[in-house]
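Right, one structure below, let's go through it.
Below, chains carry the letters A, B, ... as their sequence lines are ordered, and counting in each starts from 1. Keep in mind that this is a model prediction, so the values were computed, not measured.
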2 protein chains.
Amino acid sequence: MNTNSQPATSRDIARLAKVSQATVSRVLSGHPSVQPETRDRVLAAVRQLNYRPNGMARAMRTNRTGNIGVVVSRLANPLYPQMLQILGQHLAEAGLRMMVWSTSEADEMNALSAARESLVDGIIMTTATTNSSQLYDALKLNVPVVLINRVVEGWPCDQLSSDNYDGGRQVADYLVKAGRRRLGLIGGPAVASTIRDRLAGFRDGLASLGVALDPGCCVDAPMFSHQNGFAAASALLDLADAPDAIFCVNDVLALGACDAARTRGLNVPNDFWLVGYDDIEMSAWPAFDLTTVRQPLTRMTADAVSLLQDRITGVMREHSIKVLPNDLMVRGSTAGFRPAA
Amino acid sequence: MNTNSQPATSRDIARLAKVSQATVSRVLSGHPSVQPETRDRVLAAVRQLNYRPNGMARAMRTNRTGNIGVVVSRLANPLYPQMLQILGQHLAEAGLRMMVWSTSEADEMNALSAARESLVDGIIMTTATTNSSQLYDALKLNVPVVLINRVVEGWPCDQLSSDNYDGGRQVADYLVKAGRRRLGLIGGPAVASTIRDRLAGFRDGLASLGVALDPGCCVDAPMFSHQNGFAAASALLDLADAPDAIFCVNDVLALGACDAARTRGLNVPNDFWLVGYDDIEMSAWPAFDLTTVRQPLTRMTADAVSLLQDRITGVMREHSIKVLPNDLMVRGSTAGFRPAA
DNA sequence: CTGAAAGCGCTAACAG
DNA sequence: CTGTTAGCGCTTTCAG
């Protein structure tokens, strides 16, 4: 094996095995009609020169790179690493590679650029918003895109989410059944469909149960972060008539809220109940023991990959809009209360 | 813009702008010698057909994809998302794309495969171990690889780490200066150079200060997880003569240890002190308020990217082995104690 | 300054 | 079963 030369090409193999270059290609792509003896000679040469086919050349011919672009939001929200981990697994099983964009809003554009330059076969987007106009343009160019987690109504692409509206309702229902009446709400950026749906479900749920939600007990966090959850909860807890339960539209905010209570010497659930959304790994830790809504991440990601594969291989069908059910995870932050069935 | 046809190629542009295909290429690659008027005609055509050059074709010609492979360990350890985030930023600034492998041990191999297939220009590896024999083979094929975080002594590639040995020493020094004498240690898999160095530094530090480390107070976690930290700390806290300070070789373990204390109704720092390593974001949260050692992630990642770029562009020089200094972040888990300067 | 022409390394007809 | 041939879309000489 030469360490200084260029990598071997299929021509080098052909020469060494005394066959045509086409035959080398056949052997490597598992074409059936190759004489065993020839195949062996080729494989021997492949080993001898430590040959690997050039992926770019193959991609150019086949119009398929095997790369999938994944756009996630700030990786500081543990939900996204969790999604990436599972997604990476599913993609690897499907023989695909994962390209990740995650640093800023510009990333969405970068991902689409890559798609348009044929550097990725398709895109899985976890953070689409109605503002993503570039994305919309790309869709019209038939770039295969699957929206997962956040979705955008009416857009011509496959979409995969959990039932955030129902999740919000479940929380409302749960808190009211438990006798909580003075409810607090910590919301987030409304550009995310997930957030809008959770909020709507929560509000509608309360309304249909005849429980009022005091606007004075509703705070919107400008971004998802521990710090913002901390600040928002602090504001609520400082109210003269503080809530007896707070629903945070995601776990990161809820963990911040939990720490706000801790800092004030308040006890959850004795002083107030706390509910989050996402069931990120830390929510189950004793430090937080947070009641929250779990999204079916494994199924969502698996479906996303297979939908995308269909699109890429040109399977034509209607755009699929799937909404999967969620589970309320009852934990200590709501005293483990379970309503009678 | 046709929505049903194939994407436009540079020939299409050439035809429309009535120039040769070569000229299109010149304009797009910013070649100086093109008449302004011609250039404008080409750019107009580019806009009109909404053209983007095909990245694969370009990559095949130039032998450069602009993709960098990054191998990280379990994304469940927040250190890695944190590294990815910064790395992604630096790579994007350098006009490079980030390909992530992270699901299993097989990922290291997959990354190297991708490199050998010319699908990535180089690799940043955060989780190398002496066991990575595939990696070693790849190095001999001149695949550009930078080791960051974990390093492997004597391997022919650029390596970039923080001074884990010194970090361990600093912790030992700090605890002893504060009067702690019965020390506990929660270690981890010794395949990681980071862990070996931290442990060695800690042990050597204690030894040079004349403080004994009871082997009965040393537990090794088989893997980094909250759960394992919890279990290990539980074992130490159940000892008849429990430690008055515990050093965990990384923060994830330390957070687990913190929760073990919480679950037992013990108070940190009143009942014992706790020190971690990495300064992941959560360590600063009130729930943990963990004293820990911070690695200079920004600088490490920035240097890694620029070293890799040098290798890729063929700048020849000795393999660079850099070790950057760490900072001890003093927080509540050690009662905010600061030794007199 | 611009066009013609030669490939990069591979796959996929098409002959034989 | 195997070799020959024709490109994929681009960059890069080399002429003019």
Side-chain angles (χ1 to χ4, degrees), chain A residues 5-43 45-46 49-67 113-121 313, chain B residues 5-43 45-46 49-67 113-121 313:
Chain A
S5 65
Q6 292 291 87
T9 73
S10 59
R11 305 191 86 83
D12 297 328
I13 303 300
R15 202 157 21 236
L16 184 61
K18 300 194 192 312
V19 295
S20 78
Q21 182 270 335
T23 298
V24 176
S25 178
R26 286 197 190 93
V27 169
L28 267 77
S29 55
H31 194 94
S33 52
V34 179
Q35 193 126 10
E37 195 246 333
T38 315
R39 143 177 266 98
D40 290 347
R41 236 177 33 247
V42 169
L43 290 177
V46 164
L49 296 189
N50 196 13
Y51 165 75
R52 300 294 303 261
N54 180 309
M56 287 294 152
R58 166 182 287 159
M60 175 144 89
R61 277 307 310 218
T62 59
N63 253 310
R64 198 135 307 158
T65 63
N67 299 337
S113 260
R116 298 203 42 210
E117 289 166 21
S118 302
L119 288 162
V120 300
D121 296 339
T313 53
Chain B
S5 65
Q6 292 294 84
T9 73
S10 60
R11 304 192 87 81
D12 298 327
I13 304 299
R15 200 155 25 230
L16 185 61
K18 300 195 191 313
V19 295
S20 76
Q21 183 268 337
T23 298
V24 176
S25 178
R26 286 198 190 93
V27 170
L28 267 76
S29 55
H31 194 96
S33 54
V34 178
Q35 193 126 14
E37 196 245 332
T38 315
R39 144 178 263 96
D40 290 346
R41 237 174 36 243
V42 169
L43 290 177
V46 164
L49 297 189
N50 195 14
Y51 166 76
R52 300 293 301 264
N54 181 308
M56 289 294 150
R58 167 180 289 158
M60 176 145 89
R61 276 308 308 224
T62 60
N63 255 312
R64 198 134 306 158
T65 63
N67 299 336
S113 262
R116 296 204 41 209
E117 290 165 20
S118 302
L119 288 162
V120 299
D121 297 339
T313 54

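The CZ-P distance, from A:Arg52 to C:dC10, rounds to 12 Å in whole Å. C:dT2 atom P lies 10 Å from atom NE2 of B:His31, rounded to whole Å. Atom CG of B:Asn63 is separated from atom C1' of C:dG7 by 13 Å (rounded to the nearest Å). Whole-Å rounding puts the B:Met56 CE to C:dT11 P distance at 14 Å. One interatomic measurement links the two molecules: CD of B:Glu37 to P of C:dC1, which rounds to 13 Å at whole-angstrom precision. In this structure, B:Arg39 places its CZ atom 13 Å from C1' of C:dT2, rounding to the nearest Å. Straight-line distance from the NZ atom of B:Lys18 to the P atom of C:dC1: 23 Å, rounded to whole Å. The distance from atom CZ of A:Arg64 to atom C1' of C:dA12 is 15 Å, rounded to the nearest whole Å.
When the nucleotides C:dG7, C:dC1, C:dC10 are ranked by their closest atom to the side chain of B:Gln35, C:dC1 comes out on top.
At a threshold of 4.0 angstrom between heavy atoms, the contacts of B:Thr38 are confined to the sugar-phosphate backbone, with no base atom among them. Counting non-hydrogen atoms under 4.0 angstrom, B:Thr9 reaches the backbone sugars and phosphates but no base. Residue-level contact check: B:Val24 touches neither bases nor backbone, having no heavy atom under 4.0 Å from any strand. Within the nucleic acid shown, B:Thr23 comes within 4.0 Å of sugar-phosphate atoms alone, with no base atom in reach, counting heavy atoms only. Within the nucleic acid shown, B:Ser25 comes within 4.0 Å of at least one base atom, counting heavy atoms only.
For the pair B:Ala57 and B:Gln21, both in contact range of DNA chain C, the more 5′-proximal nearest nucleotide belongs to B:Gln21. When each of B:Val34 and B:Arg61 is assigned the nucleotide of DNA chain C with its nearest heavy atom, B:Val34 is the one assigned upstream, toward the 5' end.
In terms of heavy-atom proximity, A:Arg116 sits nearest to B:Asn50 at NH2-O, 2.5 Å. Nearest heavy atom pair, residue B:Ala14 against residue B:Ser20, reads CB-C, 3.7 Å. Residues A:Arg64 and A:Asp121 approach most closely at CG-OD2, 3.2 Å, considering heavy atoms.
Side-chain N/O atoms of A:Arg11 and base N/O atoms of C:dG9 include no donor-acceptor pair closer than 3.5 Å. Between the base of C:dG3 and the side chain of B:Arg26 there is a donor-acceptor pair shorter than 3.5 Å.
A 4.0 Å heavy-atom criterion places the boundary nucleotides of DNA chain D facing chain B at D:dG9 to D:dT13, written 5' to 3'.
When side chains are defined from C-beta on, B:Pro7 does not count as touching B:Arg52, because their heavy atoms never get closer than 4.5 Å. Under the 4.5 Å side-chain criterion, counting only non-hydrogen atoms from C-beta, B:Asn67 is not in contact with B:Leu119. Between A:Gln35 and A:Arg39, every side-chain heavy-atom pair lies at or beyond the 4.5 Å cut-off.
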For this session: Start with the C-alpha gap between A:Glu117 and B:Asn54, add the side-chain angles, then the distance that decides, and say whether side chain to side chain contact (heavy atoms under 4.5 Å, CB included) holds.
Result: CA-CA 5 Å; A:Glu117 289 166 21; B:Asn54 181 308; over 6 Å; no
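Using a distance-only test at 3.5 Å, with no hydrogens or angles considered, a donor-acceptor pair links the side chain of A:Thr62 to the main chain of A:Arg58.
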